[in-house]
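As the structure is a prediction and not an experimental result, all values here were calculated from the model. Per chain, numbering begins at 1; letters A, B, ... match sequence-line order.
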Amino acid sequence: MSITEKILCSKTHEYLLEENNEYTIGLTDYAIEQLGDIVFIELPEIGTEYKKGETFATIESVKAASEIYMPVSGKILEINEEIADSPEILNEDCYEKGWLVKIEKTGDDSELADLLEYEDYKEEIE
Amino acid sequence: MQTYLHEKHIGLKAKMVDFAGWNMPVQYSSILDEHKNVRENVGVFDVSHMGEVFVIGKDAEEYLNKIVPQDISKLSDGKAVYCQLTNYKGGIIDDLIIYKLKNTTYLIICNASRVDEDINWMALNQKGYDINLDNQSHNLSLIAVQGPKSIDLMHKLGYTADQNSFTIIESNLLNIPMYISRTGYTGEDGFELLVINEYVEYLWDKILETGKEFNIKPVGLGARDTLRLEAAMPLYGNELDETTTPVEAGLSWSIPKDKFGNCNGKKVIMEQIENGVSKKLIGLKMLDKSIARHEYEVYYQGEKVGIVTSGGVSPMLNANIAMAYVNNVKEICTGSIVQVMIRERLHDAEVVKLPFINKKNKVTRRK
């Protein structure tokens, strides 16, 4: 099963990946493609809690800064230090190596209702 | 609107964006790669969105001296000058390059975003002058070829002239009637080729095909912006607007102080040259990985002292850079540390000399 078959995507282009009750958030390949060369990423502090829809990180491409929103409510457990040092990793691989944060999901599953499976997301944005 | 190269851009899989009403390529492959390739090899740009206005007539020189703070009489045939179209208060309506083509015929190249304002203002100032204003913006296409290998590419295309910087010639390169100028917006050696729309696709293809051996790449507006930022060239709407004078914008070098005519805004401009101005344009280098962007606030010792006009990545310096207007106080000078407010946090930046990169003797002449 490829990773895109396991993720849920928001209309603002974040993905949520659940594996063994562990939740990872990142940006979809479509988002990265649109942004172009990624040159800086500002990640949140570990332990911070965010509600669904809140800005938790900022990504800068050569062109502009863009905010990244929580696809679900959660508490930051881990941040990807490697992409903070080498943000260009996101241009190469935004799923396996280029994830942003791991969270503890704090909201209930009703928050998942407006997230789309990858295929539906692709259809939605095209 | 689309340029006559629109199909070519789509074919090259460019990412297209709206710019000043034009659907333009912002990048073909990667802004960083395109940028570096212009600095190291050669790049080709479609800048057909830019405006071209011919000023023709007996009083053309006198008229131009009225609308720009410049001494147009010093231009001989084939020479060009960078200048600003100023309003009555010395504010910048647009920045221009004026080319003297021949005798009483001049060509003005202006910003796509300002063509309408420019034309209105120029027409308003036309009274009493025996001239014609001929806006050819929609009939002409402009291609920029920029980079250290641009001269080799031009020779390969059959270019045999020997031009100095800021000159223009009529040419029949590739049997296409065109104007070739030694100007650009990248800080590199380069050329701009002006042709009627019908010839531009052929010319574009020839340049890309012949340029292969020089590692040519097409370059979009994204890298055009990062290139001009490294060279500290102003962008209308960022560094320049109708409330900013050329003196405030750090463009006094372009004004022949005691030699320009009675142009619009002369009183203000002269007064500012003599007594100084309250704001100045400075260069900033961020001391961390953050990026200052247009309109972010600048602080010095806890006080707000200015605003970022343009900011971004410098692919050549491997640092993030910005230009900003700050209060004209002597404490803020090269080497000072100021702060830029980025997402509610202050980030240190060092004041550095402009331009950020400086290529010496950039125009390559025939050996």
For chain A, find its close neighbours in residues 336-344 of chain B: heavy-atom separation under 4.5 Å, sorted by number, or none.
-> B/R343
Going by residue number, which parts of residues 31-47 of chain B are within reach of chain A, meaning a heavy-atom gap below 4.5 Å?
-> B/I31, B/L32
Is chain B contacted by the side chain of A/S61, its backbone, both, or neither, given a heavy-atom distance below 4.5 Å?
-> backbone
Do the charged groups of B/R293 and A/E60 touch, with an N to O distance under 4.0 Å?
-> yes
More than 12 heavy atoms from other groups under 6.0 Å of CD on A/E117 = no
Who wins among B/G222, B/G312, B/S290 for the most heavy-atom pairs under 4.5 Å with chain A?
-> B/S290
Select one option (side chain, backbone, both, neither) describing which atoms of B/K15 are under 4.5 Å from chain A's heavy atoms.
-> side chain
So, the part of A/A65 with a heavy atom under 4.5 Å from chain B: the answer is both
Top residue by heavy-atom pair count (under 4.5 Å) with chain A, among B/V26, B/V313, B/I291?
-> B/I291
Exceeds 12 heavy-atom contacts within 6.0 angstrom, atom NZ of A/K105 = yes
Looking only at A/Q34, A/K63, A/E33, the option with the highest number of non-hydrogen pairs under 4.5 Å against chain B is A/K63
Quick check: are there more than 12 heavy atoms from other residues, nucleotides or ligands sitting under 6.0 Å from CD of B/E303?
-> no
Against chain A, label B/T226 side chain, backbone, both or neither, depending on which of its atoms sit under 4.5 Å from a heavy atom there.
-> side chain
